[in-house]
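Shown next, in structure tokens, is the structure this report addresses.
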There are 2 protein chains.
Amino acid sequence: MIPYVNSPQNNTKVYIGIVKQLRSMIEHDGLKPGDRLPSERELSERLGVGRSSVREALRALELLGLIETRRGEGTFMRDFRGHQLVQLLSTFILQDKKSIRDVKETKFLIELDCLWLIIQKAEEDQLLRFKKWALEADYTDDDFFLKIVTLADNHLFLRIWIILKDYYNSLDLERMMVTKEQYAELIETLISRNESEVIRVYRNLRNLSKG
Amino acid sequence: MIPYVNSPQNNTKVYIGIVKQLRSMIEHDGLKPGDRLPSERELSERLGVGRSSVREALRALELLGLIETRRGEGTFMRDFRGHQLVQLLSTFILQDKKSIRDVKETKFLIELDCLWLIIQKAEEDQLLRFKKWALEADYTDDDFFLKIVTLADNHLFLRIWIILKDYYNSLDLERMMVTKEQYAELIETLISRNESEVIRVYRNLRNLSKG
DNA sequence: AAAAATAAACTGGTCAGACCACTGAGAGAA
DNA sequence: TTCTCTCAGTGGTCTGACCAGTTTATTTTT
């Protein structure tokens with residue numbers, strides 16, 4: 001297929017090239033979670049690189065949680081959702097105050113963005129179904145806002161939010177209590193498409209002062 | 001120091017053990033960004049494992065953005081405050097649902113978030129310096145908003161925005177013309193800390209209809 | 001013929017050793 | 001002192017070997 005990992009005078013490391021090749025290979029062949037990747041030896045041959053380089057690439061992807069390897073069987077695509085690395089990173093990253101503040105700030109603002117998007121785009125019946133669920137079901141704050149972010153119908157925000165959520169949870173901050181009434185109130189403001197009210201209710205729910 | 005990477009009948013892979021060893025090594029020695037780690041050969045010897053295994057661990061950490069390697073020099077701790085993770089996942093995420101609409105939407109909303117953050121946090125003189133620059137210098141839209149996002153003082157947003165910007169540019173959409181006056185007007189509203197005006201001017205600048 | 005045991009052919013996991021390309025410090029020359 | 005230049009050290013890569021599992025094919029036994 002693609003014989004070269006790197007162009008002739010490319011300085012980038014081989015294993016980086018392999019990661020890229022793998023990515024396009026995954027895309028090209030439409031590999032889905034559970035599917036098997038070519039063996040290390042086959043990749044090594046097909047890409048014209050040493051097996052050790054292939055392994056460096058695979059190990060990196062494995063640590064990221066993107067693939068899974070089973071001795072004697074092979075390497076498989078994995079259903080990844082960012083979990084792996086968040087846990088890993090949190091053990092490494094210095095938990096300096098600014099980082100934590102950035103994570104909180106970003107998560108909150110993206111949630112607010114999603115609320116805004118919902119006001120703009122969501123269908124009436126979607127919101128009504130959401131409301132019904134919120135009143136009846138049992139859920140955590142993450143559950144609730146996952147639905148919010150999903151309703152916002154923006155894949156990018158969804159991905160980013162999930163990562164932030166995981167990281168946020170790993171910080172082990174004090175949880176604020178949110179009552180079912182508050183959630184319901186938020187949904188009401190969404191249904192009424194009242195921008196400023198949404199902001200007010202959300203800030204209140206998150207215990208954020210005006211500023 | 002610690003001679004064993006894995007306990008005798010531990011099934012976990014060597015490179016995983018090395019990652020853990022490295023972590024405690026970093027913690028124990030109080031290594032900070034910029035500091036050098038032991039060489040691959042030394043680690044190999046100290047931990048009693050093959051160099052290739054050491055490399056698999058290091059490559060994984062490198063892809064995560066936790067360390068940085070320079071040929072001929074060594075391996076160094078990195079300033080990973082901005083969390084490489086977003087960058088990383090983006091290469092996999094952005095391709096899986098290349099929704100152009102999502103990219104635009106996300107970029108714009110994050111820019112708005114940053115404007116809001118500036119209103120909340122930025123110092124007066126920072127804004128005045130920014131204004132001076134905006135009136136005198138030559139710049140592209142990306143230049144201008146890079147400054148915006150930087151002023152917002154949120155590393156996470158900065159990272160995400162840069163990725164989005166690059167991706168956005170690669171989409172090759174029609175560029176909208178923005179006059180220097182519009183940029184200046186935006187800064188004025190920032191200085192006056194007028195939230196609703198900022199939103200209005202920004203939307204106008206981006207040619208966004210109300211909704 | 002069916003079932004069980006065995007063998008072969010794969011797969012990932014690891015190691016050792018060999019080069020290469022590059023950097024930096026120290027030895028030596030100017 | 002200052003400038004080369006050499007050389008030891010470092011990461012980057014490849015090869016080949018062996019181990020330890022899994023799967024498939026083959027042979028043997030029932």
Side-chain angles (χ1 to χ4, degrees), chain A residues 2-22 25-26 29 31 34-78 84, chain B residues 2-22 25-26 31 34-78:
Chain A
I2 308 109
Y4 309 116
V5 168
N6 283 327
S7 11
Q9 358 170 299
N10 197 333
N11 273 338
T12 61
K13 315 179 187 186
V14 170
Y15 94 97
I16 294 287
I18 296 176
V19 168
K20 290 181 183 167
Q21 286 296 323
L22 283 173
M25 195 178 297
I26 289 169
D29 299 350
L31 294 186
D35 291 350
R36 230 195 84 181
L37 275 73
S39 75
E40 296 180 353
R41 289 171 177 85
E42 187 183 337
L43 283 173
S44 160
E45 207 171 318
R46 262 165 60 174
L47 301 176
V49 298
R51 190 180 154 213
S52 50
S53 292
V54 171
R55 279 186 64 80
E56 290 185 10
L58 290 177
R59 257 7 83 213
L61 294 181
E62 185 182 51
L63 197 64
L64 278 176
L66 298 175
I67 61 173
E68 178 185 359
T69 59
R70 295 199 282 273
R71 161 151 44 182
E73 298 181 57
T75 305
F76 302 84
M77 294 291 300
R78 206 171 145 164
Q84 203 79 7
Chain B
I2 309 107
Y4 308 115
V5 169
N6 282 326
S7 10
Q9 352 175 292
N10 197 332
N11 273 338
T12 61
K13 315 179 189 189
V14 171
Y15 93 98
I16 293 286
I18 296 176
V19 168
K20 290 180 182 168
Q21 286 297 320
L22 284 173
M25 196 179 295
I26 289 168
L31 294 186
D35 291 350
R36 229 195 87 183
L37 276 76
S39 75
E40 296 180 351
R41 289 171 178 84
E42 188 183 337
L43 283 173
S44 159
E45 207 171 318
R46 263 166 57 176
L47 302 177
V49 297
R51 190 179 155 214
S52 51
S53 291
V54 171
R55 279 185 64 80
E56 290 185 8
L58 290 178
R59 255 8 81 214
L61 294 181
E62 184 182 53
L63 198 64
L64 276 174
L66 298 175
I67 61 174
E68 177 185 0
T69 59
R70 295 199 281 272
R71 174 176 353 201
E73 296 182 59
T75 304
F76 303 84
M77 294 290 298
R78 205 171 148 168

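In the text below, chain A, chain B and the rest are named by the order of the sequence lines, each starting its count at 1.
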**OP:** Quickly work out the B/Y15 OH to C/dG12 C1' distance and round it to whole Å.
**Re:** 12 Å

Original post:
Looking only at heavy atoms, what is the nearest atom pair of B/I16 and A/L63, with distance?
Top reply: CD1-CD1, 4.0 Å

Subject >> B/E62/B/R59 salt bridge by N-O under 4.0 Å criterion >> reply: yes

What does the list of N/O pairs under 3.5 Å between the protein and nucleotides 9-11 of chain D look like, with a distance for each?
{"unit_1": "D/dG9", "atom_1": "N2", "unit_2": "B/G72", "atom_2": "O", "d": "3.3"}
{"unit_1": "D/dT10", "atom_1": "O2", "unit_2": "B/G72", "atom_2": "N", "d": "3.3"}
{"unit_1": "D/dG11", "atom_1": "OP1", "unit_2": "B/T75", "atom_2": "OG1", "d": "3.2"}
{"unit_1": "D/dG11", "atom_1": "OP2", "unit_2": "B/E40", "atom_2": "N", "d": "2.9"}
{"unit_1": "D/dG11", "atom_1": "N7", "unit_2": "B/R41", "atom_2": "NH1", "d": "2.9"}
{"unit_1": "D/dG11", "atom_1": "O6", "unit_2": "B/R41", "atom_2": "NH2", "d": "3.1"}

Original post:
What is the distance from atom OG of B/S53 to atom CD of B/E40, rounded to the nearest 0.5 Å?
Top reply: 11.5 Å

Original post:
Could you state the interatomic distance from CD (B/E68) to OG1 (B/T75), rounded to the nearest 0.5 Å?
Top reply: 9.5 Å

Subject >> Shortest non-hydrogen contact from A/M77 toward A/I26 >> reply: SD-CD1, 3.6 Å

